[in-house]
Amino acid sequence: MAVVRRTDAEPGTPVRLEGVCPVEDAETLASLILEDPSAPVDWTACTRMHTAVYQVLLRLRPTILGTCGDPFVGRWLTPPSPG
Amino acid sequence: MNDLLEQFLDETRELVQSATEDLLALEAAPGDAEAVNRVFRAFHTLKGSVGLFDFPPWFSLLHAAEDCLSAARAATLAVDSALVDLALETLDATGRWADAVEIGGALPETADAEGSALAGRYRSLLSPGPETRATDAPALPVWASRLSEPLSGIEGRPLIAVRYQPRGDCFFSGDDPLGLVRKVPGLLAVTVEPAVPWSPDDEFDAFACNLAITLVSEAPRAEIETVFRLVGDQVTVVDLPTAIYPRIVPSGTMSAGAPALEPVVAAILAEQVRVLAASDEADTDAGRLEACARSAMNALRSTGRSSAAERCGQALGSGPDALRAAIEAILSNRTDAATPTDGEEAYGASDPLGGDAARTLRVDSARVDVLVALVGELVVARNGLGHLAAQAEAGEDAGTLARAIREADANIGRLSTTLHRSAISLRLTPLSSVFRRFGRQVRDAARGLGKDVVLVVEGEATEADKGIVENMFEPLLHVVRNAIDHGLEDAANRRQVGKPEAGRIRLKAEQDGDGIVVSVSDDGRGIDPAFIRRRAVERGLLQPEPVATMDDAAVTDLIFAPGFSTAESVGALSGRGVGMDAVRAAAARMGGRVSVESRVGLGTTIRLHLPRTIALARIMVVGAGTESYGIAMDAVVEVVRRPRTCVHAVAGGNATVLRGRTVPVFRLVELLGRGDRPLDGDDALLLVVRVNGETIAVEVDRFEARIDAVVRPPASLVGSVAGVGGTTMLGDGRVLLVLDPAGILADASAPAGG
C-alpha cells in the first residue's frame, strides 16, 4: 500500500502517494479524498501510478502538489485541476 | 571531407545565395508572399541540413530565424528592414561558418556568441507578437513545456493518433490502460479524459474505468498496433498525414510565442474533429462531447492559446456541430493564414531549390551529345589510319600515300580541334552566377555610404569558362564598390546637377569576338583628367611635363597605375589598400585587360576584357639567345624583318619607323635580362606587339614555329615571375614559357609613352 496519510491528521493534511501505486490504491485514495475533500494529494514520491489511481484524481480533482514522481505521468499527463 | 559534408556545404552556399536574392526582392516589395515563402523554405532547408551535423549554435540560430520567418509568412510579423537585415546577417554568418567548417571542420569560436546574439534579436522581433508571451508564458505549467520537448525535429513525418477507450471492467481483468500507453514508441502527446462525464450524484466506483485516452505518436503504425493488439476492440488508430497540415508541420515547435500550431496540438485538434465527425448527432453523448472539448482546450492552453481554448469552451455549450466547427476553424485558420497563395505549393514543393539550382558544374546535355558524336567520328577517323597502314604495306606508291596521310591528318586535326572546343564548352558557365551576387553587395555598399543606388544587370546569360567566371567576382566587386563610393555623387549633389537622386550602376556582359567584355558603368561625376594629372604628379607617378602632354584617355588610364587612389579621403568601402591596379592585375592574370572610359559629369565605364575560354591559343615560338619562348599570337600585330640600319638609337633606347610611325624597339634578350649579347645578322627580326594601346617592336633572335597550344595559367613559382603569361608543352615534351608582352614591357614602355 502506498497511499499514506497520518491517521491523526488535521483536515487538509496532504495525502501522500509513495512508490508503486497499484490498482488497489485507487479505492484507498478515493476514500481518503472523500473523507477530507480539502486534503491535497502529494504525488511527487509516486514512482508508478496505475490508471485507476489516476482516474481517481481525475474524477475527484483534489489539489495536486508538485510534479508526479512517475516519469510517464509527470511528462505526459495533465495534473487534474482542482474541481 | 566526406561526401555528405561536401554536399551540405555546396547546398548551403546555394541556399544562402538564393535566400539572399529573395530577401532583397522582399525588401523591394515587402508584400511579396511568394518571396516570403521562398525565404522561409530556404531557411527551413538550411536548418534541416545543419541539423544533420553537430553544430548546435548554428542550428539554434537558424531555428530562431525560421520561427520569425514563419511568423512573417503567416503575416503576423511585418516584413521590414529589421527582419531583412537580420536575415541577411544570418546568411552572412551561415556563409562564414560554412567556410570555417570546410577549412577546419568546426565552427569558429565566436559562433556561439554570435549565434545567440542573432537568435536573441529574432526573439525580440517576435516577442511583441500576436500571442503575447509575456502574459501567457509564465502561466505555462512545467508539464506543458515538457509536452513540447520531444517535438523538435519531427517535421515532415507522418503522425499516428490513437483513441483508446478501455472497457469499464478492464481493471478487473488486470488491465492497466496507461501501462499500455507507456509502451507506445515515439509518443508525442497523451490526454486522458473521462469517456462519459461523471455525474456528481453517482456513487463513486474506483474500479470502473471511465476513461478515454488520446495519444499522438510518430512511430510507424504497425508498432503502435502491436502495443494495443490485446485490446484492439477498444482502440481506434488513425493516420495523420502531414499533407493535411501544410502549415503546421514546418512550424517552429519550441517557441510558445510563434503563431503556428504545434504539430501535436494540431494532431490533437484533428483527432477531436474526427471523433466528433465519426459519431451521429444522436449518439454523441454529452460525455464524449465534453471529452473532445477538454482535449482541444487543454491542447490549446498548453501552448498559450487561451482565447482559442475559450472559443472551444463556448462552442461546447452549443452542441457537437458547433464544437466541431470551432475546432475546425482554429485548425483551418492556421492553414489559411499560412498559405495565402497556394496551399499545396507552400509545403508541397519538395525541392526547395527549384529546378535551376546551380550545381558544381551544370552541363547542357546537348553539349555532351555533341561531344559523344565527335568522339564517334574520331574513332572512324582512326580506323582510316589502319586502312592507310594496310595500303602502305601493300606497296602503294609514296605520293598517293602521302596525300592520303595528309588528308587523314587534316581530318583528325579538325576533329581534335572541334573536340577540344566542345570539351571547353562544357566548362562554360553563365555570368549570372557572378552577377547575382552583386545585388547584395551593391545594396550593402550603397547603404553603408547612405546613397541610393539602382543596379541594372545586362547580359548575364553570357558564358565564359568556369575559372574565368569564378575569378571575376573580386575585381568586379572592387570596381563596383569604387563606382558607388567615388563615382556616384551623393543625393544632394545629384539633385543640383539635375540627375535622379538614385545613382545607377550598370553591370553588363557581352560577347566580344573570342572574348567577353564585362563592364561596370555609373552615371556619376566621371573622372576629371585634370584631377588625375594633378594627383599623378603629387604621387610622384609621373613628371609634370609628360603628364601635360598625355591625352585625356591615357591620363584617365592612370587610375590603374599602382599607388594611385582617386579618393580624396580613404573611403570605408574601397579604401582598403587595394587600388584599381589590383583590378588590372587580376584581369591580366586571367589573360585579360581592363580599360576605362569616362566623361566628366556623365559617368564612368570600366571594362574588363576577358577571354571566354581557356582555349587553344596560337603561339609563336621565338628564340632569344639560346632559349625559346612563346608569345601569344593575338598580341602580335605583325612580324617584320628590318635592316639593322633602320633601327636607330634614340634618347633612352632604340626606335624604328614602321608605316610612317616611330616605334620603340626593345630586344627580347635584354627585356629578359639575358645579358647584352652582340647583335648578329644584318636584319633585325621584329615582333610588333600592341601593349596597353601602344605599338612596340620586340626584337627577337629567331622565329621558330607557330603552334596551337593550351596555355596553362602560371602557377606557384612561375606565377610570381613578371611577364610570364603561362606555360605550355611543346611537341618534344619541353616546357615553353609563354611570355606576356604587357608584363615584360611594363617598365620599358613607360618612358616610351610620351
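Side chains are part of it too, since the values below use all heavy atoms of this structure and drop only hydrogens, waters and symmetry mates. Please read all numbers here as calculations on a predicted model, not as lab measurements. By convention in this document, chain letters (A, B, ...) are assigned in the order of the sequence lines, proteins followed by strands, and residues within each chain are numbered from 1.
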Here the pair of heavy atoms bringing A/Arg48 nearest to B/Asp176 is NH2-OD2, 4.0 Å
Inter-residue atom distance A/Asp70.CG - B/Arg182.CZ, 0.5 Å rounding = 4.0 Å
Minimum side-chain heavy-atom gap B/Cys209-A/Gln55 below 4.5 Å | yes
Can you name the nearest heavy-atom pair linking A/Val23 to B/Phe207, along with the distance?
-> O-CE2, 3.3 Å
Can you say whether B/Asp175 sits under 4.5 Å from chain A via the side chain, the backbone, both, or neither, judging by heavy atoms?
-> backbone
Residues 167-174 of chain B side chain polar contacts: donor-acceptor under 3.5 Å, at least two apart:
unit_1	atom_1	unit_2	atom_2	d
B/Arg167	NE	B/Asp169	OD1	3.3
B/Ser173	OG	B/Cys170	O	3.0

Output the residues of residues 35-45 of chain A for which the shortest heavy-atom distance to chain B is under 4.5 Å, in residue-number order; output 'none' if no such residue exists.
-> none
Distance from A/Glu27 atom CD to B/Asp205 atom CG, nearest 0.5 Å?
-> 8.0 Å
Heavy-atom check, side chain of A/Leu77 versus side chain of B/Leu178, under 4.5 Å | yes
Could you tell me which non-hydrogen atom of B/Ala206 sits nearest to which non-hydrogen atom of A/Val56, and how far apart they are?
-> CB-CG2, 4.3 Å
Can you name the closest pair of heavy atoms from A/Trp76 and B/Ala189 and give their distance?
-> CZ3-N, 3.4 Å
Heavy-atom pair with the smallest gap, counting every atom of A/Leu58 and B/Val192 = CD2-O, 3.8 Å
